[in-house]
Amino acid sequence: MTNPATTSLLDRANLDRDQVRNEMARGLAGADDGELFLEYSQSEALMFDNGRLKQATYDTAQGFGLRAVKDDAVGYAHASDLSIAAVIRAADAVHAVRGGYQGTFAAPPQHTNVRLYGDDNPLDAPGFEAKVKLLGEIDAYVRDKDPRVRQVSVSLAASWQVVEILRPDGESYRDIRPLVRVNISVVAGSGDRQESGSKGYGGREGYQRFIETKAWRDAADGAIREAIVNLESIPAPAGEMDVVLGPGWPGVMLHEAVGHGLEGDFNRKKTSAFAGLMGQQVAAKGVTVVDDGTIASRRGSLSIDDEGTPTNRTVLIEDGILVGYMQDRQNARLMNMKPTGNGRRQSYAHVPMPRMTNTYMIEGQRDPAEILASVKNGIYAANFGGGQVDITSGKYVFQCTEAYKIENGKLGAPLKGAMLIGNGPTDLHRITMVGNDIALDSGIGTCGKHGQGVPVGVGQPTLRMDRITVGGTGG
C-alpha cells in the first residue's frame, strides 16, 4: 500500500485523475463553486482509569465529499468508497440539485507555501507499550502526590489527517495535519465530600514535547491543585457583581458568547445578535478580538482551510468596533466579502461552513494585580467548564470549575457552583479593564456547530467585567 504522506490519495486508490476530473466537472457544471474533498485519516485513543488500561482504540478512515454550490443552496454527496463508480454517483446527485441554474464558477483560492506544522504521524512514535507505560507512570505519580486523591483518569489521543482538495478548474490543494492531546482528571475526597480537577494540553505536532516528564507533571500537579481547591470551596454567592476573568482558557466564554455570533453564515441569515452592526461600537473601547489560524502548531491552526483557502489573522472587533466576520467561500460571495480561511468541516462526510480557528482578545495595558485590587466585592473566575449560548439573542450561561471570592481587592475563599449569566453583546460593553497578560489555552478546545466538531483554540488576558449576574447556591 502506498504512503498517503507522499502519494496522492487519487493514486493511492488507483483512480484515473482525468476521469475523476471529468466527472467532477460534469457534476459541478453551471454551479457557482464546489470541490472534491478527499481524506485519509488515522486516529487513536488510550485511557488509563483507576490503575488499569480501560480503553485503547485505533481507527483508519478514508472517503470523499463532492460539493456543488448554487447561490445559497448546496448539493453534497459523500462516500467512504474511493472508486470511480462512487464519484459518478456523487456527480449525478449534486448535478440534480442544480436544476436549470447557470452560475459563473468562482475563482480558486490562492496557493500558499506556509506550513504551520510538520508531516510526522504522531501515531508512529512512541510505540503502544511505551504509551501504556507512560499512562501508568502518570497515574502512579498523581496517586502518590496527595493522600486525598481517590480517582485518576489519564488519556492520550492523536490523529493524523491527509486532505486533498480538487477543483474542476484544475487547481488542487493538499495538507497533512497531526493533532495530539493529553488529559489528566483527578477526584479528591475528604470524608463524604468529593471534588474534581483536570488539566489537558496538546497541539498540531507529535507526542514528543507533550510526554516529557516536566510537561505531564505540571499538568498532573495542576489537576490535583484544582481538585483540592474545589474540595475546600464554599457555596458561591448569587447576585449581580463585578467579575474578573483569568487569562487563557476563560477565553472559551468569548468564543461561545461572541465568536459564534461573528461567523458569516449567522450574519448573512441575520440570526446573529451582531447582524447588521458592521462598523458600529459593539464592545467597550480597548477591546480587540481576532481569529487567527496562522499560529504555528496550535490546536486550532490550519495551513489551509477545508476549501483550500489559506488561513488568516482576521480582526473581528477593533477597539470596540465591529470590523469583520469569519467567512467561508459561499457566505463571503453572498455577502460580497472576501473568504478569510474559516471554511471548516469535521470530515469528508460533512459540508464546510464558517468556523473559528484560534479566537482571542488582544491584551491591554493593565497589570493583573491592579485589576484584582480594583474589585471590592466580586468573583475571580479562573477556569470554566461547559456553557450554553443562544446565538440569536446572545444570552449565555457558563459554569465555573474554579472560582474565588474577591474581598477588598484580594482573593478569598474558593467557590463552588458559581455560574456566570448574561448576554454576550451587552456584556462586551461591561469590560472596564483589560490586562497585559494575554495567554492562549493549553490546546484542548473542541467546538461544536450543527453537529460537527472541530479543534479550536481560545485565549484572552485578565479582564474585569462590571455588574455581571452570578448564579450560585450561597447567600
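Quick note: residue numbers are just sequence positions, from 1.
In this structure, Arg344 contributes its side chain and Pro352 its backbone to no donor-acceptor pair below 3.5 Å. Judged by distance alone, with hydrogens and angles left aside, the side-chain atoms of Asp390 form a donor-acceptor pair with the main-chain N or O of Ser393 at under 3.5 Å. Looking at Asn312, its side chain never comes within 3.5 Å of a backbone N or O of Thr314 through a donor-acceptor pair. Side-chain atoms of Asp437 do not come within 3.5 Å of backbone N or O of Pro368 as any donor-acceptor pair. Checking side-chain atoms of Ser303 against main-chain N and O of Arg115 turns up no donor-acceptor pair under 3.5 Å. A donor-acceptor pair under 3.5 Å is absent between the side-chain atoms of Arg148 and the main chain of Gly189, judged by distance alone. With hydrogens and angles ignored, the 3.5 Å screen pairs no side-chain donor or acceptor of Arg355 with any backbone N or O of Asn342. Under a 3.5 Å cut-off, the side chain of Asn230 and the backbone N or O of Ser196 do form a donor-acceptor pair. With hydrogens and angles ignored, the 3.5 Å screen pairs no side-chain donor or acceptor of Thr309 with any backbone N or O of Pro109. A donor-acceptor contact shorter than 3.5 Å links the side chain of Ser374 to the backbone of Ile371.
You'll find the side chain of Asn50 reaches within 4.5 Å of the side chain of Gln151, heavy atoms only. Annotation: side chain of Leu245 is in contact with side chain of Met253 (closest heavy-atom distance under 4.5 Å). Between Val289 and Leu254 the shortest side-chain heavy-atom distance falls below 4.5 Å. Leu262 has its side chain within reach of Leu322: a pair of non-hydrogen atoms, C-beta onward, lies under 4.5 Å apart. Tyr380 has its side chain within reach of Leu411: a pair of non-hydrogen atoms, C-beta onward, lies under 4.5 Å apart. Contact of the His429 side chain with the Pro425 side chain is not registered, since no non-hydrogen atoms from C-beta on lie closer than 4.5 Å. Side-chain contact check for Val470 versus Ile421: every heavy-atom pair is 4.5 Å or farther apart. Within the 4.5 Å cutoff, the side chain of Met326 has heavy atoms near those of the Leu316 side chain.
For the residue pair Gln161 and Glu39, a side-chain donor N or O sits within less than 3.5 Å of a side-chain acceptor on the partner. A donor-acceptor contact closer than 3.5 angstrom links the side chains of Asn183 and Ser185. Defined by atom type and a distance below 3.5 Å, a donor-acceptor pair is present between the side-chain atoms of Ser233 and Arg193. With no hydrogens or angles considered, a side-chain donor-acceptor pair links Tyr117 and Asp175 at under 3.5 Å.
Every pair passing ring-ring contact (aromatic ring centres under 6.0 Å, His included) that includes a residue from residues 226-264 is listed here, sequence neighbours excluded: His255-His260. A salt bridge (Lys or Arg N to Asp or Glu O under 4.0 Å) check over residues 290-304, counting only residues at least two apart or in different chains, returns the pairs Arg298-Asp441.
Expressed to the nearest 0.5 Å, how far CD1 of Ile304 lies from CD of Gln110 amounts to 13.5 Å. Thr401 contributes atom OG1, which lies 3.5 Å from atom CG of Asn383 (distance to the nearest 0.5 angstrom). Put simply, CD on Gln280 and CG on Leu277 are 5.0 Å apart, with the number rounded to the nearest 0.5 Å. For the atom pair OG (Ser159) and CZ (Arg181), the distance works out to 12.0 Å, reported to the nearest 0.5 Å.
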Walk me through whether Glu307 and Arg345 qualify under salt bridge (charged side-chain N to carboxylate O under 4.0 Å, His left out). CA-CA 9 Å; Glu307 298 177 308; Arg345 64 181 102 200; over 6 Å; no

Begin from the C-alpha positions of Trp160 and Asp120 and carry the test side chain to side chain contact (heavy atoms under 4.5 Å, CB included) through to its verdict. CA-CA 8 Å; Trp160 187 74; Asp120 292 345; over 6 Å; no

List the steps and the verdict of salt bridge (charged side-chain N to carboxylate O under 4.0 Å, His left out) for Arg143 and Asp139. CA-CA 6 Å; Arg143 292 180 184 280; Asp139 177 88; 3.0 Å; yes

Going through the distances and angles, do Asn358 and Ser301 end up as a side chain to side chain donor-acceptor pair (under 3.5 Å)? CA-CA 7 Å; Asn358 304 296; Ser301 295; 2.9 Å; yes

Side chain to side chain donor-acceptor pair (under 3.5 Å) for Gln42 and Asn121? Distances and angles first, verdict last. CA-CA 9 Å; Gln42 299 177 354; Asn121 187 342; 2.8 Å; yes

Pair Val152-Val187, side chain to side chain contact (heavy atoms under 4.5 Å, CB included): steps then yes or no: CA-CA 7 Å; Val152 182; Val187 175; over 6 Å; no

Side chain to side chain donor-acceptor pair (under 3.5 Å) evaluation trace for Thr311 with Asp305: CA-CA 6 Å; Thr311 54; Asp305 72 4; over 6 Å; no

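Arg464 and Asp242 are joined by a salt bridge, as a carboxylate oxygen and a charged side-chain nitrogen come within less than 4.0 angstrom of each other. Residues Lys214 and Asp218 are paired through a salt bridge, judged by an N-O separation under 4.0 Å between the basic side chain and the carboxylate. Checked for salt-bridge contact, Glu205 and Arg209 meet the test: a charged N lies under 4.0 Å from a carboxylate O. Salt-bridge formation is not detected for the pair Lys131/Glu129: no Lys NZ or Arg NE/NH1/NH2 atom is positioned less than 4.0 Å from an Asp or Glu carboxylate oxygen. Salt-bridge annotation for Arg430 and Asp427: present, with a side-chain N of the basic residue lying under 4.0 Å from a carboxylate O of the acidic one. Of the charged side-chain nitrogens involved, none lies within less than 4.0 Å of a carboxylate oxygen, so that Asp221 and Arg217 do not count as a salt-bridged pair. Electrostatic pairing of Lys285 and Asp319 counts as a salt bridge here, judged by a charged N lying under 4.0 Å from a carboxylate O.
Around CD of Gln55, the count of heavy atoms belonging to other residues, nucleotides or ligands within 6.0 Å exceeds 12. In the displayed structure, Glu407 atom CD is contacted under 6.0 Å by more than 12 heavy atoms of other residues, nucleotides or ligands. At most 12 non-hydrogen atoms from other residues, nucleotides or ligands lie less than 6.0 angstrom from CD of Gln388. Within 6.0 Å of the CD atom in Glu240, the count of heavy atoms belonging to other residues, nucleotides or ligands exceeds 12.
Here Tyr173 and His111 bring their ring centres to under 6.0 angstrom of each other. Checked against a 6.0 Å centroid threshold, the rings of Phe64 and Tyr348 do not count as neighbours.
Both tests hold for Lys449 against Phe266: distance to the six-membered ring centre under 6.0 Å, angle to the ring axis within 45°. Under the 6.0 Å distance and 45° angle rule, Arg67 does not count as a cation-pi partner of Tyr76.
A search for ring-ring contact (aromatic ring centres under 6.0 Å, His included) contacts involving Tyr141 returns Trp216, not counting sequence neighbours. Scored by the side-chain hydrogen bond (donor to acceptor under 3.5 Å, both in side chains) test, Gln346 finds no partners at all (sequence neighbours excluded). When the ring-ring contact (aromatic ring centres under 6.0 Å, His included) test is applied to Phe37, no partner is found at least two apart in sequence or on another chain. For Phe210, the ring-ring contact (aromatic ring centres under 6.0 Å, His included) criterion is met by Tyr201, not counting sequence neighbours.
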